[in-house]
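Chain letters run A, B, ... following the sequence lines, proteins first, then strands; residues in each count from 1.
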Number of protein chains: 2
Amino acid sequence: MNIGAVAEASELPTKTVRYYADIGLVTPSGRSSSGYRVYGKSELRKLIFVRRARSFGFSVEECRELLGLYADRDRSSRDVKRLAVQRIEEIENKMRELQSLHDELSHLANTCHGDDRPDCPIISGLAS
Amino acid sequence: MNIGAVAEASELPTKTVRYYADIGLVTPSGRSSSGYRVYGKSELRKLIFVRRARSFGFSVEECRELLGLYADRDRSSRDVKRLAVQRIEEIENKMRELQSLHDELSHLANTCHGDDRPDCPIISGLAS
DNA sequence: ATAAGGTTTCCACTTACTGGAAGGTCAAGG
DNA sequence: CCTTGACCTTCCAGTAAGTGGAAACCTTAT
């Protein structure tokens, strides 16, 4: 598989696949005679894994760690669970923050008449 | 006020205040004879405004726009409300995403025994 | 043979700062 | 008067995770 094919199969932009190769996160299995990156099934699986893990909010470095655990099936699941639980807590914090942001902002927006008058509770709310 | 004072008063890092000056978001009212940035009450108000708007998720460029509206009290509140409503929708989208992320991830974490056994549903869940 | 499209490398740009180095300034204490 | 320490200046570099573009090479089809 060339980079375009593996990019499509993994649902990642070509640029991103190349970037992952550059940073050594998922390296191609080899190069063609003309220098094209060549990927196999196992790299494809890793790329899909990374895409999903990234969408779960794992950082690239965490993906690297996860990929290490993934590759080494002798590792305990404890390490993996630790990472996941940490992520869950971060997500919960982020959601709480967003909730209060949302509440404050919609309160302001609701009290704003949104017409041509210059008075705006959003502006004064932010300023106060 | 020197930069340290205005930074403390606005609850922003000095570096950030300097950065805002560099990008022309909040420029000091002048410079002292020795080249120190000098800030007045009006700049302090703007910095506080920006800090709050940033904490609401407005980008720096949106802050610039907001600051323009803020400065020009003849502007209608429609423009401001438009920005705010847009932000609220983005926040709601983000929260929905986070919610499904959270649900999926906690499902995986809950089914993971988290012991020394190498089998891990999180890993296989991400891989599938 | 040529055109289209895929691939290569390299470099710059993005967001919103943050850290650090080298050096100038200011106020207080000895 | 001198020094010390806190504060200030500019400039350079780096962060995360890519994205965009340019110039040139490769492959495939017509």
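- The CZ atom of A/R31 sits 19 Å away from the P atom of C/dG6 (whole-angstrom rounding).
- Checked for salt-bridge contact, A/E43 and A/K46 miss the test: no charged N lies under 4.0 Å from a carboxylate O.
- Side-chain N/O atoms of B/S32 include none lying less than 4.0 angstrom from OP1 or OP2 on D/dC8.
- Two residues are said to be in side-chain contact when any heavy atoms from C-beta on lie closer than 4.5 Å; A/L44 and A/Y39 fail this criterion.
- Residue B/Y36 has no polar side-chain atom (N or O) positioned under 4.0 Å from OP1 or OP2 of C/dG24.
- A close approach under 4.0 Å does not occur between any side-chain nitrogen or oxygen of B/R37 and OP1 or OP2 of C/dT25.
- Surrounding CD of A/E92 are more than 12 heavy atoms belonging to other residues, nucleotides or ligands, all under 6.0 Å away.
- Taking atom CG of B/N2 as the reference point, atom C1' of C/dC26 lies 10 Å away to the nearest angstrom.
- Sequence order on DNA chain C of the closest nucleotides to B/V60 and B/K15 puts B/V60 first from the 5' end.
- For the pair B/T14 and D/dC7, the criterion of a side-chain N or O lying under 4.0 Å from OP1 or OP2 is not met.
- Taking only side-chain nitrogens and oxygens, B/R51 never comes nearer than 4.0 Å to OP1 or OP2 of C/dC17.
- Between A/R54 atom CZ and D/dA17 atom C1' the separation is 6 Å, expressed in whole Å.
- Summarising the geometry, the separation between OH on A/Y19 and C1' on D/dG20 is reported as 15 Å, rounded to the nearest angstrom.
- The nearest whole Å value for the distance from the CG atom in B/L47 to the P atom in C/dC17 is 12 Å.
- The CD-C1' distance, from A/E61 to D/dG18, rounds to 14 Å in whole Å.
- Across the protein-nucleic acid pair, A/R18 atom CZ and C/dT9 atom P stand 7 Å apart, rounded to whole Å.
- Within 6.0 Å of the CD atom in B/E8, the count of heavy atoms belonging to other residues, nucleotides or ligands does not exceed 12.
- Ion pairing between B/R82 and B/E65 holds under the 4.0 Å rule for side-chain N and carboxylate O.
- When the P atom of D/dA17 is taken as reference, atom CD1 of A/I23 falls 8 Å away, rounded to whole Å.
- Nearer to the 5' terminus of DNA chain C, by closest-nucleotide assignment, is the contact made by A/G4 (compared with the other of A/G4 and B/S59).
- Comparing C/dC17, C/dT8, D/dT19 by their nearest atom to the side chain of A/I3 picks out C/dT8.
- Distances shown here put every side-chain N or O of A/Y20 at or beyond 4.0 Å from the OP1 or OP2 atom of D/dA17.
- Using a 4.0 Å cut-off, no side-chain N or O of A/S34 falls inside it from OP1 or OP2 of C/dT7.
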